[in-house]
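Worksheet: the structure to be examined is printed underneath.
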6 protein chains.
Amino acid sequence: MTVRLLTELSAPAITAALGPDSVLVLPTGAIEQHGPHLPVATDLIAAQSLAERVVEQFGEELDLWLLPPLAYTKSNEHAWSGGTFWLSAATLLAVLDDLGRCVAKTPARRLAFLNGHGGNSALLQVAARDLRLAHGLRTFTLHPGVPADQGGESPVEELGMGVHGGLEETSLMLHLRPDLVDMSAADRWVPEHLDDYRHVRFGGSVSFGWTSDDFGPSGVIGDATGATAERGEQRAKAMVAHLGEAFAEVARFDPSPRP
Amino acid sequence: MTVRLLTELSAPAITAALGPDSVLVLPTGAIEQHGPHLPVATDLIAAQSLAERVVEQFGEELDLWLLPPLAYTKSNEHAWSGGTFWLSAATLLAVLDDLGRCVAKTPARRLAFLNGHGGNSALLQVAARDLRLAHGLRTFTLHPGVPADQGGESPVEELGMGVHGGLEETSLMLHLRPDLVDMSAADRWVPEHLDDYRHVRFGGSVSFGWTSDDFGPSGVIGDATGATAERGEQRAKAMVAHLGEAFAEVARFDPSPRP
Amino acid sequence: MTVRLLTELSAPAITAALGPDSVLVLPTGAIEQHGPHLPVATDLIAAQSLAERVVEQFGEELDLWLLPPLAYTKSNEHAWSGGTFWLSAATLLAVLDDLGRCVAKTPARRLAFLNGHGGNSALLQVAARDLRLAHGLRTFTLHPGVPADQGGESPVEELGMGVHGGLEETSLMLHLRPDLVDMSAADRWVPEHLDDYRHVRFGGSVSFGWTSDDFGPSGVIGDATGATAERGEQRAKAMVAHLGEAFAEVARFDPSPRP
Amino acid sequence: MTVRLLTELSAPAITAALGPDSVLVLPTGAIEQHGPHLPVATDLIAAQSLAERVVEQFGEELDLWLLPPLAYTKSNEHAWSGGTFWLSAATLLAVLDDLGRCVAKTPARRLAFLNGHGGNSALLQVAARDLRLAHGLRTFTLHPGVPADQGGESPVEELGMGVHGGLEETSLMLHLRPDLVDMSAADRWVPEHLDDYRHVRFGGSVSFGWTSDDFGPSGVIGDATGATAERGEQRAKAMVAHLGEAFAEVARFDPSPRP
Amino acid sequence: MTVRLLTELSAPAITAALGPDSVLVLPTGAIEQHGPHLPVATDLIAAQSLAERVVEQFGEELDLWLLPPLAYTKSNEHAWSGGTFWLSAATLLAVLDDLGRCVAKTPARRLAFLNGHGGNSALLQVAARDLRLAHGLRTFTLHPGVPADQGGESPVEELGMGVHGGLEETSLMLHLRPDLVDMSAADRWVPEHLDDYRHVRFGGSVSFGWTSDDFGPSGVIGDATGATAERGEQRAKAMVAHLGEAFAEVARFDPSPRP
Amino acid sequence: MTVRLLTELSAPAITAALGPDSVLVLPTGAIEQHGPHLPVATDLIAAQSLAERVVEQFGEELDLWLLPPLAYTKSNEHAWSGGTFWLSAATLLAVLDDLGRCVAKTPARRLAFLNGHGGNSALLQVAARDLRLAHGLRTFTLHPGVPADQGGESPVEELGMGVHGGLEETSLMLHLRPDLVDMSAADRWVPEHLDDYRHVRFGGSVSFGWTSDDFGPSGVIGDATGATAERGEQRAKAMVAHLGEAFAEVARFDPSPRP
């Protein structure tokens with residue numbers, strides 16, 4: 001039994017368990033090429049594993065409830081590769097709207113996307129606002145770690161470009177699912193010439209519409225060669241701790257003006 | 001590691017592993033009210049568990065590969081109840097079309113829906129044809145057991161109406177996930193007056209557009225009171241055996257005229 | 001004047017004539033290739049002719065009202081052939097939803113699809129539920145005869161595969177519109193090798209996404225050579241009698257629990 | 001047998017019969033309230049009857065072929081009334097696009113809408129261009145008579161406002177289907193105050209978005225009281241003659257620059 | 001400051017300024033090829049300039065308020081040419097519906113499209129009705145001058161075919177924005193052979209789905225060679241005067257029956 | 001004549017002027033409530049004015065070309081207020097896809113959104129990737145200044161929450177269009193209690209779905225009281241300089257691996 005997996009309850013039990021401040025946590029993974037050393041489910045595994053840990057540690061205190069993850073999301077930056085399974089923006093927005101409608105049918109009024117795939121971030125923000133309006137929910141988008149192309153840090157040896165299948169992600173997978181990582185295939189593919197750009201770069205002031213084969217045939221953007229399970233474990237712990245803090249705020253967040 | 005879960009492979013490994021006769025198996029569950037004694041994930045759990053068993057037993061022989069399940073599908077017959085999470089027909093058709101497009105990007109040309117929720121059957125048949133046309137795939141829809149409202153058998157004590165949360169489904173869950181079944185809440189709710197109809201009935205010659213609250217407030221249609229884990233185990237075994245036979249045909253199916 | 005063709009009444013007369021138990025009957029035909037011996041309107045002609053006979057015989061007793069048929073429906077299994085006119089699933093679902101909205105604007109609350117084309121069956125079932133939810137209608141799907149690929153019987157000389165342009169359909173047309181049948185072009189095209197499959201077959205436990213050219217270039221699936229008007233007449237009589245019984249139930253169907 | 005009804009041919013016969021200059025004629029009717037004296041199918045009956053006459057008289061000479069009519073079209077100006085059955089603009093555009101795709105699958109390259117309902121005119125013009133682009137067809141929109149709100153003439157006793165259920169339309173129906181007209185219910189409802197406007201009026205330089213209940217509860221806009229079958233017969237003859245001339249141009253129309 | 005440009009007000013000021021009879025004026029231009037002598041923004045410039053003049057002259061008296069124009073609209077008759085920017089019918093209908101929803105959120109209940117591009121006329125009429133229904137607005141479509149293919153006049157030297165980039169449009173631009181007109185590139189391209197057709201012609205009884213390259217590679221349909229700024233100035237004055245009269249009716253239009 | 005406004009050229013001139021490295025600049029504004037002191041067109045005015053300055057200063061050097069702005073975009077966080085005109089996500093994605101299709105019809109292959117409205121940022125990022133895939137364009141999203149809720153700085157007196165109608169935006173408008181600013185209505189509305197949150201806050205690690213009335217009835221989030229034209233002028237200069245640098249990279253950006 002997964003701790004506080006909402007869908008393991010019966011319908012009447014769900015209605016009884018939830019209140020307006022309950023937080024439903026929807027992990028959003030991805031199925032997409034992650035280079036030759038990582039499984040295509042990398043983002044799904046990360047999102048789901050970390051969500052489970054967070055709910056296990058903080059769920060009772062913060063009234064968090066896990067939902068089954070969305071495995072298939074917006075991965076069209078990897079559409080060129082077999083093994084990527086992706087939904088169009090229109091489809092994924094429709095899925096999220098449908099789910100928002102259903103959350104609104106429960107007593108809960110807080111829905112949090114726990115997003116394991118950077119390619120979803122923008123669309124989830126669009127959906128978060130739209131669901132607030134359409135269904136009256138309070139909506140939130142959280143990341144285990146802020147992606148390097150969205151303002152997060154990335155190791156210097158990757159020139160801040162470890163956005164896909166690089167050091168951190170590979171380390172995390174070595175911790176979470178070492179059986180699925182093939183370090184013999186791990187490689188370094190950093191588009192170093194991007195370092196010439198100050199604005200048009202991952203996390204720069206100008207975002208750009210890229211697909212992962214724009215940078216070469218590898219499919220990796222980063223350097224997986226130095227990845228270790230220890231680094232991954234530390235990162236996972238830090239992520240869970242961070243998410244715990246963040247969910248504490250999600251659970252009590254109230255933007256209304258104080259009287 | 002789940003046996004032959006395709007998404008645990010890397011993208012290059014997927015391309016290497018698959019050929020045109022490989023069968024990708026997509027379990028389609030549901031998250032929907034199942035009465036007071038069963039979890040809302042009942043159909044998801046059943047579809048996924050049986051899919052895993054089938055792939056474990058027959059996967060290598062028949063070149064079957066498991067995909068992550070669709071948890072959220074077409075459950076609007078239970079839309080009246082909190083705890084049901086459903087996609088509209090338009091949304092689910094779009095999801096399936098998107099996934100079909102992605103299957104077509106791999107070397108595999110066979111896609112099988114392993115459907116745990118009767119409410120999906122019609123829509124999956126629509127999608128199966130549309131994906132054949134749009135993406136050139138061979139597509140198949142299988143059920144662990146034929147639902148009682150679609151020509152399958154149902155125990156006589158349920159008057160053939162054990163379509164939702166009844167004897168068979170509850171028994172199956174007592175076998176698969178006894179920790180999630182609350183037999184103290186199990187009840188009998190059989191709309192016996194439907195037995196007056198010869199044509200407009202579950203599995204009759206006239207199908208009708210029903211929602212589960214049409215029959216009363218229980219949400220169950222059937223009789224869960226006699227359910228046992230033993231019965232469920234036998235049924236699961238029969239289902240897996242049946243699916244093994246069926247997939248053997250799926251794997252070699254060729255409708256082309258013989259020379 | 002067609003008997004009880006609703007649209008031959010004025011709007012105020014419609015409002016006066018209908019009550020909540022009135023049944024609006026929408027014939028759903030198809031315009032699609034039917035081999036070299038039958039017109040592309042075969043399914044439309046069958047659906048409309050039988051609907052008219054049923055309403056003529058049983059309409060007054062059961063408060064049935066005919067609607068103009070849908071000629072163009074979901075025939076994409078024959079999309080490969082000129083002369084097939086088909087709507088996509090999305091389009092046809094939208095058409096049916098629009099019509100459901102309009103039915104709900106009348107006093108009538110029962111809408112029955114009288115479906116002459118097997119390729120529509122699944123989609124009509126999807127629509128039947130969706131219209132029940134969206135517009136509060138009681139909805140029903142009836143077939144003159146259960147198609148061979150949906151559990152109906154098919155003559156043994158066709159190995160149970162007389163699903164398109166075969167013995168029964170050709171006989172029916174010889175009865176209904178002999179002027180449109182060219183028996184000199186009638187042929188036998190039975191994909192006999194399908195008989196090797198127990199599960200993946202027309203009406204088998206595994207449905208599959210097929211197009212009619214999957215089985216060869218003929219466009220026919222069945223054996224039209226033995227068709228006779230007499231057989232067609234008998235079949236038409238049986239169909240009308242069956243539909244009369246079925247509509248009697250449709251007209252009084254009430255799934256609500258008895259007090 | 002309806003003369004040159006394309007769908008009464010078999011698929012191979014259709015392919016053989018049609019060439020690039022064949023004109024497929026799609027009658028577009030409507031099912032909508034037409035006041036208390038006319039059936040809701042008035043526009044469908046008119047479009048279909050006149051189309052049949054035109055194809056009978058001119059079909060062989062001009063290579064015209066009739067298609068089954070669209071009964072349900074864009075009648076939302078009468079959405080307020082039970083008995084109106086209408087498709088949304090999005091739905092009807094999708095239907096027409098689907099049909100255009102199918103015409104392009106035949107050898108024919110000319111598609112003509114023969115439109116019996118003024119409320120369709122604008123949308124058909126949109127579709128005509130879109131089908132030209134999407135499917136490479138030459139497309140045409142014809143009206144039996146130009147509607148009074150689109151530049152056509154209307155008798156002076158109706159102040160030029162006989163746009164719905166008035167003198168001409170009622171006369172036409174008295175000729176075509178006298179059994180469906182109830183002259184005892186025929187009335188005069190002319191929004192005479194509209195005559196104050198020079199620009200915002202039916203057929204004026206400013207078109208306006210109206211629904212038929214904007215002008216009062218009658219549903220009629222015009223004066224049916226003086227309608228006669230003789231007038232209708234004359235009008236029908238004139239319409240058919242006009243359409244014959246128009247189709248002669250449709251059949252040979254070529255906008256390409258002359259060498 | 002543009003006179004009575006609504007969007008230059010603050011939100012509270014808008015709510016204060018508008019009442020139910022205020023008329024919001026939405027110029028609809030186009031960005032599309034206009035031959036070698038006119039800018040692609042020709043229709044946008046014309047619609048916006050004339051709208052500004054009309055609102056400046058008549059705005060206070062008639063309570064007119066200008067909205068920012070739609071630059072990109074339905075120009076797919078020029079889709080073959082680089083420099084044309086067009087929205088599909090579905091997209092533009094969605095844009096107009098969204099804007100209608102927002103108008104309905106203000107106190108104003110009158111929305112007028114001031115359309116500078118003939119290719120929008122049909123779609124705007126569709127939208128005008130749909131917005132009336134969906135949002136309860138009174139909607140109007142006005143043209144500075146009635147296009148030659150929609151019943152307007154066109155100089156005899158163009159054989160009534162000056163529909164795109166011809167004498168009148170070029171003259172108008174010579175008046176409005178002479179800096180953007182290159183008379184050295186102005187040419188005559190009149191598809192004179194169309195004059196053979198009485199029905200299928202611009203403004204004829206049969207409309208047809210054309211793209212501007214149907215008539216040859218020029219992109220112009222008309223004769224720009226004789227255009228002068230004087231003619232354009234006269235035409236602009238006449239247009240503004242005409243629009244002033246028309247808006248006077250728009251502002252007080254009431255179709256309701258008089259008591 | 002606006003400098004290098006692409007649409008002031010003729011179609012042949014556009015084709016001649018553009019090459020694959022030309023950058024088309026699409027200003028994306030918004031029409032939305034901005035408190036009682038600023039016009040609803042604030043974001044449109046800012047985006048367009050700054051875009052014009054940038055293209056005037058850097059256009060020739062960098063081969064930048066201006067497109068007419070999108071005035072109406074995604075402002076549903078202000079949907080509660082009259083005077084807000086917004087497109088749904090689906091509509092705006094469709095608009096952008098249509099425009100991307102048209103850019104791809106020109107020789108240019110670079111499209112940059114110059115976005116004046118923070119509420120568009122996420123959706124533009126979604127579109128940027130989708131247009132890259134669908135139409136093969138290089139796409140970029142630039143902001144005059146990074147919004148405070150997206151990592152940008154905000155003055156300390158606003159507690160970093162000057163996201164809408166606050167100090168910077170009001171100053172900018174005092175510089176750009178002082179005639180449209182009513183400083184007598186300028187006020188301070190800073191949801192100071194948000195400062196209690198470290199993660200769920202503007203620009204925090206957790207984004208949240210908010211509407212501007214979540215924070216109170218003012219519509220402003222920030223402090224406009226100290227705004228001055230001088231500050232606005234400085235900011236505008238800094239923005240233009242920043243955009244000049246950024247566009248220099250946009251114009252030469254090439255992510256392909258170096259040989």
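By convention in this document, chain letters (A, B, ...) are assigned in the order of the sequence lines, proteins followed by strands, and residues within each chain are numbered from 1.
With a threshold of 4.5 angstrom between heavy atoms, C/Leu38 approaches chain D through N, CA, C or O but not through any side-chain atom. Of the atoms belonging to D/Ser88, heavy atoms from both backbone and side chain fall under 4.5 Å from chain C. No part of C/Leu96 comes within reach of chain D, as not one of its non-hydrogen atoms sits under 4.5 angstrom from that chain. Contacts between C/Pro68 and chain D at a heavy-atom distance below 4.5 Å involve backbone atoms as well as side-chain atoms. Heavy-atom distances place the side chain of D/Ala71, and not its backbone, under 4.5 Å from chain C. Both the backbone and the side chain of D/Pro36 have a heavy atom closer than 4.5 Å to some heavy atom of chain C. With a 4.5 angstrom heavy-atom cutoff, C/Ala79 touches chain D only via backbone atoms. Of the two parts of D/Val103, the backbone and the side chain both hold a non-hydrogen atom closer than 4.5 Å to a non-hydrogen atom of chain C.
When the candidates D/Ala94, D/Ser10, D/Gly82 are compared by the number of heavy-atom contacts under 4.5 Å with chain C, D/Ser10 comes out ahead. Interface summary for chain C: among D/Thr84, D/Thr91, D/Thr42, the most heavy-atom pairs under 4.5 angstrom belong to D/Thr91. Considering only heavy-atom pairs separated by less than 4.5 Å from chain C, the leading option among D/Thr106, D/Leu5, D/Thr15, D/Val95 is D/Val95. Note: D/Arg177 leads D/His34, D/Gln33, D/Arg177 in heavy-atom pairs under 4.5 Å with chain C. If you tally non-hydrogen atom pairs under 4.5 Å between each of D/Gly219, D/Pro39, D/Gly83 and chain C, the highest count goes to D/Pro39.
The structure places CD of D/Glu8 at 6.5 Å from CG of C/Asp179, a figure rounded to the nearest 0.5 Å. In this structure, CD1 in C/Ile14 is found 8.0 Å from OG in D/Ser81, a value given to the nearest 0.5 Å. To the nearest 0.5 Å, the span separating CG on D/Asp98 from OG on C/Ser75 amounts to 11.0 Å.
When side chains are defined from C-beta on, D/Thr7 does not count as touching C/Leu44, because their heavy atoms never get closer than 4.5 Å. Within the 4.5 Å cutoff, the side chain of C/Leu99 has no heavy atoms near those of the D/Trp86 side chain. Proximity of D/Leu9 to C/Val40: side-chain heavy atoms (C-beta onward) are nowhere separated by under 4.5 Å. Between D/Leu67 and C/Phe85, some side-chain heavy-atom pair lies under the 4.5 Å cut-off.
What you find for D/Gly35 and C/Pro12 is that their closest heavy atoms are O-CD, 3.8 Å.
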